[in-house]
Asker: 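Provided herewith is a single structure, encoded as structure tokens, for subsequent inquiry.
Along the sequence shown, the residues carry numbers beginning at 1. Both counts, for ligands and for their atoms, begin at 1 and track the order of listing.
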Amino acid sequence: MVLNPGSTIGVLGGGQLGRMLAIAARRMGYRIHVLDPVEDCPTAHVADLQVTAHYDDIDAVKQFAQHVDVITFEFENVPAESLNAIAAIHPILPSPEVLHTCRHRVREKQFLDSNGIPVAPFHVCQSADDVAAGLEKLGAPAILKSAEFGYDGKGQIRIDTPDAEAATHAWQTIDAPLCVLEKFVRFSREISVVCARTTTGEFAAYPPGQNDHANHILDITTVPAQLPDHVTQQAIELAHHIADAIGLVGVLAVEMFLLDDNQLIINELAPRPHNSGHYTFDACVTCQFEQQLRAICGLPLGDPSLLRPAAAMANLLGDLWPPTHSHSPSTTHNATDPNWPAMLAHHDVKLHLYGKQSAKPGRKMGHLTTMADTPESAQQKVIAARDALKNI
Ligand SMILES: Nc1ncnc2c1ncn2[C@@H]1O[C@H](COP(=O)(O)OP(=O)(O)O)[C@@H](O)[C@H]1O
Ligand SMILES: [Mg+2]
């Protein structure tokens with residue numbers, strides 16, 4: 001199946017990922033419909049149509065599906081019942097099976113493990129006793145993660161002592177019916193490979209990026225990650241292996257830990273464009289959103305090459321805004337806004353804002369990207385530009 005420009009893409013979820021897909025899709029002459037429960041969501045600003053409905057509103061989801069040619073998602077927790085109801089109407093890509101695996105840490109870990117992909121030693125837990133048994137097996141420190149609904153460090157807790165009391169406390173704190181306990185891995189760096197695969201098995205990967213987090217939220221991505229050549233190669237091969245094994249059609253982000261001995265282990269998968277691939281919008285021949293579009297439309301993939309030797313991305317969180325700020329279409333400069341002119345004086349840094357209604361601490365509001373001759377200078381530039389936002 002090939003969907004040519006002019007076709008309509010349906011996106012379940014209307015945050016920044018859908019918005020950037022919409023920008024890439026509209027540029028290529030596609031139409032975009034988005035379904036999101038919140039009116040005036042970030043994707044709606046650049047979509048042809050928003051259906052405002054909850055993901056479990058089967059009638060609304062069906063109606064939505066009937067008016068598009070292919071369905072994709074940026075929100076991973078669309079209920080299976082809703083996906084089942086529309087799967088017969090138009091293709092959902094990546095497939096509901098891929099989503100089923102990747103949105104659930106236990107299924108994801110078991111999938112990786114059974115395909116011979118290295119992961120941190122883990123233990124599946126359905127009770128505090130299971131956590132205690134897992135701690136005995138794995139030792140401490142360890143991390144207990146809920147099987148579902150976790151993101152940006154939410155739904156997980158570190159356990160530092162291997163006793164029953166600590167196990168009970170962690171189990172009660174997470175308060176989820178199913179969890180995975182993972183051995184705490186001593187990694188030197190976190191990297192990710194964002195890749196794309198088509199129905200014909202064509203595969204393309206972006207260079208591994210180095211991810212630095214702050215408060216469990218991605219802070220900076222620097223590309224290419226400075227790795228020995230064979231590790232770069234291996235990271236891309238692992239992503240390729242996973243994409244093939246899972247039968248990916250679309251974009252997949254593979255988060256990895258680099259251990260001190262240069263071994264790679266897989267942390268988690270996201271079957272969609274990823275925050276660590278946002279730099280591709282400005283810094284690559286083809287961005288991750290256009291790759292997603294091409295893959296789900298049955299088209300050849302684009303060239304993922306970097307336009308310059310290096311790039312970096314810095315997230316802009318709501319913390320940069322004053323506490324009570326809400327976006328209003330004002331033309332006058334509000335003295336308490338982030339200092340946009342000072343940031344934009346960094347002439348080779350690109351600003352992306354997602355058009356979110358209100359800024360909250362920890363909320364991803366936008367990001368900055370820049371390119372340079374070396375990863376270090378790209379990283380320094382993007383941090384300096386972000387710092388300028390605070391120069392009120
Ligand atoms: N097994 C582990 N050992 C050490 N650090 C970990 C482990 N699992 C997760 N982390 C740290 O916690 C962060 C968030 O965990 P992750 O599983 O990626 O969840 P999220 O969905 O919140 O991104 C990781 O980026 C990493 O820094
Ligand atoms: Mg993660």
Asker: My understanding is that only one of E76, E148, E268, E182 makes a salt bridge (Lys or Arg N to Asp or Glu O under 4.0 Å) with R105; could you say which?
Answerer: E268
Asker: Which residue pairs satisfy the ring pair (Phe, Tyr, Trp, His ring centres under 6.0 Å) criterion with at least one member in residues 85-141, sequence neighbours excluded?
Answerer: none
Asker: Report the residues that fulfil side chain to side chain donor-acceptor pair (under 3.5 Å) with K154, sequence neighbours left out, ordered by chain and then residue number.
Answerer: none
Asker: Would you say the rings of Y354 and H367 are close, in the sense that their centroids are separated by under 6.0 Å?
Answerer: yes
Asker: What does the 4.0 Å heavy-atom contact list look like for ligand 1?
Answerer: R105, I143, K145, G150, Y151, D152, G153, Q156, E182, K183, F184, V185, F187, E190, H213, E255, F257, N267, E268
Asker: Could you list the residues that satisfy salt bridge (Lys or Arg N to Asp or Glu O under 4.0 Å) with D48, not counting sequence neighbours?
Answerer: R26, R31
Asker: Where the Mg ion (ligand 2) is the centre, what is the OE2-to-OE1 angle for E268 and E255, rounded to 10°?
Answerer: 100°
Asker: CD of Q16 to SG of C41: how many Å apart, nearest 0.5 Å?
Answerer: 11.0 Å
